[in-house]
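Below is one structure, written out as structure tokens; the observations come after it.
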Amino acid sequence: MPEWTWEWTGYDPAGEKLRESLCTLGNGYFATRGALPECRAGLVHYPGTYVAGCYNRLESTVAGRRVTNEDLVNLPNWLLLRFRRRRTGGTWGPWFSPHPRTIMNHRHTLDLRRATLTRTFRHSDVGTGVLGVEQIRLVHMADPHLAALRTVFTARDWSGEVEIESCLDSEVVNGNVHRYRALNRHHLTGVRTGVREPDSIWLSCRTKASGVVVALAARTTVVAGRSLPPPEFRPVRHRAVHRLVVPIAPGRPVTVDKTVALHTSRDTAISDPLDAALDRVSAAADFPALLESHTAAWERLWRRADVQVPGEAGRILRLHLFHVLQTLSPHTADLDVGVPARGLHGEAYRGHVFWDELFVLPYLDLHFPEVSRALLDYRYRRLPRACRAAAEAGRTGAMFPWQSGSDGREEAQAWHLNPGSGHWLPDHSRLQHHVGSAVAYNVWQYCEATGDTEYLYSRGAEMLLQIARFWADLTVLDPGTGRYRILGVVGPDEYHDGYPGAARPGLDDNTYTNVTAAWVLTRALELLERLPAWRRDELREQLGLTADEPARWEEVSRRLRVPFHQGVISQFEGYDTLAELDWDSYRARYGTIRRLDRILEAEGDTVNRYRASKQADVLMLGYLFSPAELRTVFGRLGYELDDDIWRRTVDYYLRRTSHGSTLSGLVHGLVLARARRADAWQYVREALESDIADVQGGTTGEGIHLGAMAGTLDLVQRGLTGLETREDALWLDPVPLPALSEYGFTVRYHGHWGVGLRRRSGHLEISVPDSERSPIRVILADRAVTIAPGETCTLKLRKE
Ligand code: BGC
């Protein structure tokens with residue numbers, strides 16, 4: 001298949017939900033799954049439309065308990081367009097509905113360059129004849145409130161009429177995730193519909209609790225080679241419907257254009273959403289012009305963000321980039337939204353924001369720093385809430401929630417369902433306080449990559465200092481060892497949420513948590529040093545920072561405990577006392593054991609008893625930090641981390657990880673590539689295939705895995721090049737990965753737009769675009785160069 005297109009042929013009901021996720025079109029403001037326009041939600045299809053950050057909270061009763069969940073709301077379906085036909089003088093046939101036996105030459109083509117989804121098929125009907133259908137849709141990248149669907153009908157061997165029904169449908173629920181079916185799913189209320197002559201219909205409604213008003217307007221026009229009466233409006237409960245009958249004959253194709261505008265009451269620069277939607281749709285250009293402006297907007301995006309890697313890996317990386325940009329585009333910079341773990345592509349994890357931004361922002365920092373900044377602002381606006389959460393837990397500083405939604409309260413559930421056993425189980429994932437370190441890390445990286453000291457000294461400093469404060473306050477001194485400890489947390493490996501048989505949940509001294517906490521405290525101290533005196537005083541006053549706090553940070557950052565056993569870093573205190581799992585026997589019995597936790601629970605056992613991890617935990621440290629920086633962090637803590645310990649640690653956990661998260665392959669791939677290991681590719685490949693091959697078995701149909709998708713881009717950008725932005729220099733330490741030995745991309749660094757990095761035939765080429773800015777300092781393991789604007793430097797890489 002050509003580099004820029006992805007194709008799906010045939011009609012495979014079982015594979016439709018996956019295809020719909022992968023064919024989602026969006027622009028950062030909203031997205032619509034790649035469902036068939038004639039189908040409403042059912043067992044096969046799921047047409048979802050989501051506006052970034054549009055949440056609603058509902059109460060439900062499950063297993064006798066009242067629970068409250070906040071969800072990213074599935075909004076009215078704008079896509080609906082169905083048809084039926086009749087031969088001249090005959091009766092109407094049934095409304096077309098797809099079936100593997102009657103739909104021929106069915107093909108979807110996702111064109112990444114133009115960001116369009118084209119669908120073609122032929123339908124044969126005994127009463128009439130063969131009808132060719134071609135549909136092309138877009139969700140507009142230049143005007144984020146617009147979408148359009150063009151349908152062209154061609155009669156091959158008959159003449160008659162086609163009746164077209166174009167509809168806006170509010171009879172939708174949040175029904176994408178089967179596991180959530182016992183929960184209340186009806187988020188919309190107050191539906192009103194109407195018509196705006198001559199050719200538009202409208203629908204408005206609001207979310208039940210959050211009261212977000214949503215308005216859609218759809219203009220349906222027909223080009224049929226002759227003038228036609230205007231469409232007929234049909235008042236149907238909860239739907240706005242337009243119907244029109246159009247003559248058709250061989251050589252006289254019928255083109256139907258549906259142009260849709262979507263607004264909510266969260267939008268800026270509008271009066272009211274319905275008025276704005278009607279106004280926008282009536283002013284919208286025709287389909288060819290919309291397609292042109294949309295393609296041009298994407299062309300600008302691709303210029304800023306493309307990644308060139310030859311072969312299949314390159315195609316997949318581009319698809320990943322496409323979905324990242326559809327979820328987080330330059331429009332995101334104007335919104336109050338975070339990084340939704342599953343994109344705007346489905347309803348798994350309810351559109352919540354986890355630590356996954358850790359896998360997304362490092363990539364965006366170097367291409368769309370204004371988007372990164374907006375995503376950090378999402379956290380900043382919820383800093384007061386995080387401080388309140390800490391206070392309620394008896395702590396100072398900021399305790400960011402494991403799952404975040406509209407207002408930054410903890411959205412993680414208290415109970416979750418094991419679909420394997422049907423049991424509702426206590427959910428302790430909210431003890432993953434390491435999410436705070438992810439926020440701090442992203443603040444720091446963003447400022448290093450952009451040189452945006454204004455942010456670092458203002459909002460960034462507030463976040464970093466409050467997170468540091470929380471860590472320092474959470475630690476307890478063990479007088480026996482003189483070490484500080486963090487007790488009762490859960491690490492990135494969510495399998496372990498407590499000690500077997502223990503009365504309280506959580507683990508002690510999770511290495512990842514402790515080491516990142518130490519890193520945050522060190523950065524906070526460094527920041528206090530760097531701040532201009534007036535700002536330091538101002539912050540001290542504003543945050544009520546006492547004089548002895550930095551002294552405690554200093555001490556804690558040097559004496560946090562890291563447990564070791566058998567010459568490897570322990571995932572947490574007591575990891576070595578857990579039983580070994582018989583991996584082979586579980587693999588033999590269950591085939592795929594990615595969700596070992598659920599398997600063991602269904603057997604009446606618990607994964608807490610075993611040395612078995614869902615995903616990288618200790619090894620995450622090797623994802624975040626270069627080997628040199630990691631050695632420094634450990635060194636400051638008084639631990640020597642040499643290559644042998646790290647290698648043994650990598651091997652140890654590799655053997656004990658089930659990869660139950662798409663993040664796992666990604667992290668392992670990067671860590672192994674950095675350790676210059678031949679087996680790196682196996683994990684990188686798994687990360688590349690996460691969504692296209694739906695490796696977690698059915699989860700992609702509920703939304704793409706945005707962290708893994710963005711992470712693979714970062715794997716090339718940062719992992720393979722060893723790129724770091726620190727101390728006002730670009731640090732490079734390219735690692736060999738034979739399957740990805742050639743790549744090229746540009747980054748935006750310290751105001752230089754389009755610094756090029758290209759690796760091919762054993763050489764690394766770095767080019768700095770012409771400008772008035774200062775030269776860039778590039779530091780490699782064995783040399784340092786300064787490259788002036790307008791210059792290109794080609795370095796021969798050492799053979800490894
Ligand atoms: C992973 C988490 C991740 C979440 C959302 C879970 O399966 O274990 O690390 O944050 O998915 O992507």
Side-chain angles (χ1 to χ4, degrees), residues 21 70-72 177 179-180 320 323-324 327-328 338-361 375 379 400-405 410-413 416-419 425 427-439 441-442 489-497 507 510 512-513 516 571 592-598 607 612-621 623-624 653 657-668 670 686-687 690-691 694-712:
S21 283
E70 186 175 65
D71 285 80
L72 186 69
V177 180
R179 294 185 296 293
Y180 303 166
H320 288 183
H323 285 301
V324 171
T327 312
L328 304 166
V339 173
R342 306 301 283 274
L344 297 171
H345 297 57
E347 292 162 18
Y349 289 130
R350 310 167 195 288
H352 290 170
V353 177
F354 297 63
W355 72 321
D356 301 45
E357 60 201 42
L358 193 55
F359 301 88
V360 181
L361 262 73
L375 295 169
R379 293 295 193 178
F400 278 97
W402 173 239
Q403 295 190 27
S404 183
E410 178 58 80
E411 301 291 352
Q413 301 173 75
H416 70 248
L417 174 72
N418 177 359
L425 307 160
D427 188 330
H428 301 303
S429 57
R430 65 185 58 210
L431 295 177
Q432 290 192 67
H433 300 314
H434 64 81
V435 61
S437 291
V439 175
Y441 181 91
N442 279 334
V489 299
V490 171
D493 159 34
E494 301 180 325
Y495 278 178
H496 293 98
D497 65 353
L507 307 156
N510 168 252
Y512 176 78
T513 305
T516 57
Q571 189 172 307
T592 162
I593 54 165
R594 288 181 193 275
R595 291 313 304 260
L596 197 56
D597 55 335
R598 292 179 177 166
V607 73
S613 304
K614 176 183 181 188
Q615 65 199 82
D617 194 300
V618 176
L619 301 193
M620 262 305 294
L621 295 172
Y623 183 85
L624 295 188
Y653 292 103
T657 304
S658 76
H659 308 293
S661 158
T662 53
L663 298 172
S664 198
L666 168 72
V667 175
H668 284 94
L670 188 140
E686 167 154 337
S690 294
D691 278 321
D694 196 10
V695 298
Q696 298 287 338
T699 60
T700 302
E702 302 167 347
I704 53 145
H705 298 82
L706 195 69
M709 281 197 170
T712 55

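Residue indices begin at 1 and follow the sequence shown. Whatever order the structure lists ligands and atoms in, that order sets their numbers, starting from 1.
- Among all protein heavy atoms, the one lying closest to atom 6 (C) of ligand 1 is Tyr349 OH, 3.3 Å.
- Of the N and O atoms on the side chains of His705 and Ser690, not one donor lies less than 3.5 Å from an acceptor on the other residue.
- Aromatic rings from Trp355 and His433 are positioned such that their centres are separated by 6.0 Å or more.
- Residue Lys614 holds the heavy atom nearest to atom 7 (O) of ligand 1 of all those in Lys614, Glu494, His352.
- Given atom 9 (O) of ligand 1, the protein heavy atom at minimum distance is Trp355 NE1, 2.8 Å.
- Between the side chains of Ser437 and Thr516, at least one donor N or O sits under 3.5 Å from an acceptor N or O.
- Those atoms of ligand 1 that come under 4.0 Å of a heavy atom in Ala341, given as number and element, are 5 (C), 12 (O).
- Each of the following atoms of ligand 1 lies closer than 4.0 Å to a heavy atom of Gln615: 1 (C), 8 (O), 9 (O).
- At distances below 3.5 Å, at least one donor-acceptor pair connects side-chain atoms of Asp493 with backbone N or O atoms of Lys614.
- Of the candidates Leu706, Val667, Leu663, Asp356, it is Asp356 that places a heavy atom closest to atom 12 (O) of ligand 1.
- Formation of a donor-acceptor pair under 3.5 Å by the Asn418 side chain with backbone atoms of Arg598 is found in this model.
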